Structure formats: structure tokens, C-alpha cells
2 protein chains.
Amino acid sequence: MELRDIEIFLALAEELHFGRAAQRLHLSQARISQSIKAQERYYGATLVDRANRRDIRLTPLGQQLHADLRPAHRALLQAQERARRVAADRSGAGSGNTF
Amino acid sequence: MELRDIEIFLALAEELHFGRAAQRLHLSQARISQSIKAQERYYGATLVDRANRRDIRLTPLGQQLHADLRPAHRALLQAQERARRVAADRSGAGSGNTF
DNA sequence: AATGCTTACGGGTCACGTAATGATT
DNA sequence: AATCATTACGTGACCCGTAAGCATT
């Protein structure tokens, strides 16, 4: 269970469509399916209800997971982005040297 | 940059010692070094100050990153754990069936 | 038959350990 | 020389795409 899988789940949860989730992440449809399947094994329950082929839906567990995971993932990205920005500022402009 | 790297950084930030961080995660010392080096490339700055061999220290950027990353990572783990718990409850006890 | 998810299969990448090297006390 | 971090190198694992399969409209 790595960050990439979490991003795949979040994309699917928001697109509610394997193909569009794949497009959004520049991945194959198969990869989305593989990852979701693995995550469902990991959690021990289905996250996505594939009843209709027209539009899939999240199970209650999937909805809960999405609600919990999204802000946490966002916070993680922001922490990284902030660090990169600070690093760029330090090395680029500033007082003229690095220490 | 995946979850495992973040965990390695967090362990090192708290242990302030490559060997102990390795023990804590059941990894080799070399792996810690490799991962931290990769992350420093990723962020474009040093995160750890290796001045003294006795005890290493986080750079200011490293401290900031740790402060930001730790709660985000914690939230992520909790989201996963909560989902697993719910899944276990649903399949185990309950009203007697799954739908 | 067209659309869309899944399964099978193969390859390139990389996480990781072991071993060797380097630096500091 | 003992301790601790880094570098070199090889291997097993897994991410991912392509292709084939299966189900629904």
C-alpha cells in the first residue's frame, strides 16, 4: 500500500469511472483495476460497487475511506511542496550565499 | 517519493541516528542512507546535518518537513486503520450477513 | 458490437541487503 | 581500531502496459 495506490483510489473515488481515473493519472485502465483490487484485499472489503457498468459507486466503506484519506493526502503533498519551495528560495535568491 | 521514504525520514528525524532508524524499521543502515540521499535530491536541499558523527541533526528545512509530515502521515495511517477496522467488523459480527 | 472492467503475461525499474570504502574519535 | 555513514553491486519484487477475456447495453 503505497502513495501511488492511494492516489489511484482518490482519483477513482472522484471520477467514479475506471477509464477517466486512468486518463487523469496517465495510467492504463488495467492498472487502476489491479490497484483497486489489491487495496480491497488489503482492507478486506470491497471499496467500489461495480453493479452498473454505466456508473460505478463507492461502498459506504469506500466513501468513509475517501473522506478520511483525501485531507490526509492533501496535507502530505502540501508538506512536500512547502519544503521544495523553501529549498528553492534558499538556494536561489536570498542574501547571496547558502549558509 | 513514496510512503516508505517518508517513514524512513520520520524515523531518522526522531532517532537522529542512522543505525537506530534502521533497527526501528527493520532495514539496513545502507537503505536509510540511500533513501535520505534520494529525498535530499528530491527536495533540492540537505535535510540532515552530518557534522558530528556522534549525533546528527536536522537542518532547519528538515525540522520544518518533519513538523509538517508527521501529522499528515499519522492521519493517513489512521484513515487506513479505521477502514480496516470497519471492514473487520462488517464481515465478522453484526446482523449476520454482508449486504 | 461497443463499452468498460478484469485477468494473464512479460519486462524494466528500483527497493533492499551484503560487502567494501571512507571519515571521525 | 572502533563506530558510523556512504558507495558499489547484484537480485528479487513489483509497477505497469499490452493483449486477451468477459459482461452488460
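The model shown is predicted, which means the values in this text are computed figures rather than measured ones. In what follows, chains are A, B, ... by sequence order, proteins preceding strands, each numbered from 1.
Taking atom CG of residue B/D55 and atom P of nucleotide C/dT25, one finds them 11 Å apart after rounding to whole Å. For the pair A/I8 CD1 and D/dC15 P, the computed distance is 9 Å after rounding to whole Å. Atom-to-atom, CZ of A/R41 to P of D/dC14 comes out at 11 Å; the value is rounded to the nearest Å. As a whole-Å value, the separation of B/R4 CZ from D/dA13 P is 15 Å. At whole-Å resolution of the value, CD1 in B/I56 and C1' in D/dT6 are 13 Å apart. B/Q34 has its CD atom 15 Å from the C1' atom of C/dT13, to the nearest Å. Across the protein-nucleic acid pair, B/L12 atom CG and D/dT6 atom P stand 9 Å apart, rounded to whole Å. What separates CD1 of A/I32 from P of D/dG17 is a distance of 8 Å, to the nearest Å.
Using a 4.0 Å heavy-atom criterion, one finds that B/E2 contacts no nucleic acid atom at all. Among the atoms of the strands shown, only primed sugar atoms or phosphate atoms (P, OP1, OP2) are found under 4.0 Å from some heavy atom of B/L27.
Contact annotation: A/R31 does not reach the phosphate of C/dT6 (side-chain N/O to OP1 or OP2, under 4.0 Å). Proximity of A/K37 to the phosphate of C/dC5: no side-chain N or O atom is located under 4.0 Å from OP1 or OP2. OP1 or OP2 of C/dA23 has not a single side-chain nitrogen or oxygen of B/R50 nearer than 4.0 Å. Taking 4.0 angstrom as the limit, B/Q29 places none of its side-chain polar atoms (N or O) nearer than this to OP1 or OP2 of D/dC4.
From B/E15, atom CD reaches atom CZ of B/R24 across 5.0 Å, with rounding to the nearest 0.5 Å.
In this structure, the side chain of B/S35 does not engage the main chain of B/I32 through any donor-acceptor pair within 3.5 Å. At least one donor-acceptor pair under 3.5 Å links the side chain of B/E40 to the backbone N or O of B/V48.
Counting only heavy atoms from C-beta on, A/S28 has its side chain closest to D/dT18 among C/dG4, D/dC4, D/dT18.
For the residue pair B/Q29/B/S33, the side-chain donor-acceptor check at 3.5 Å is not satisfied.
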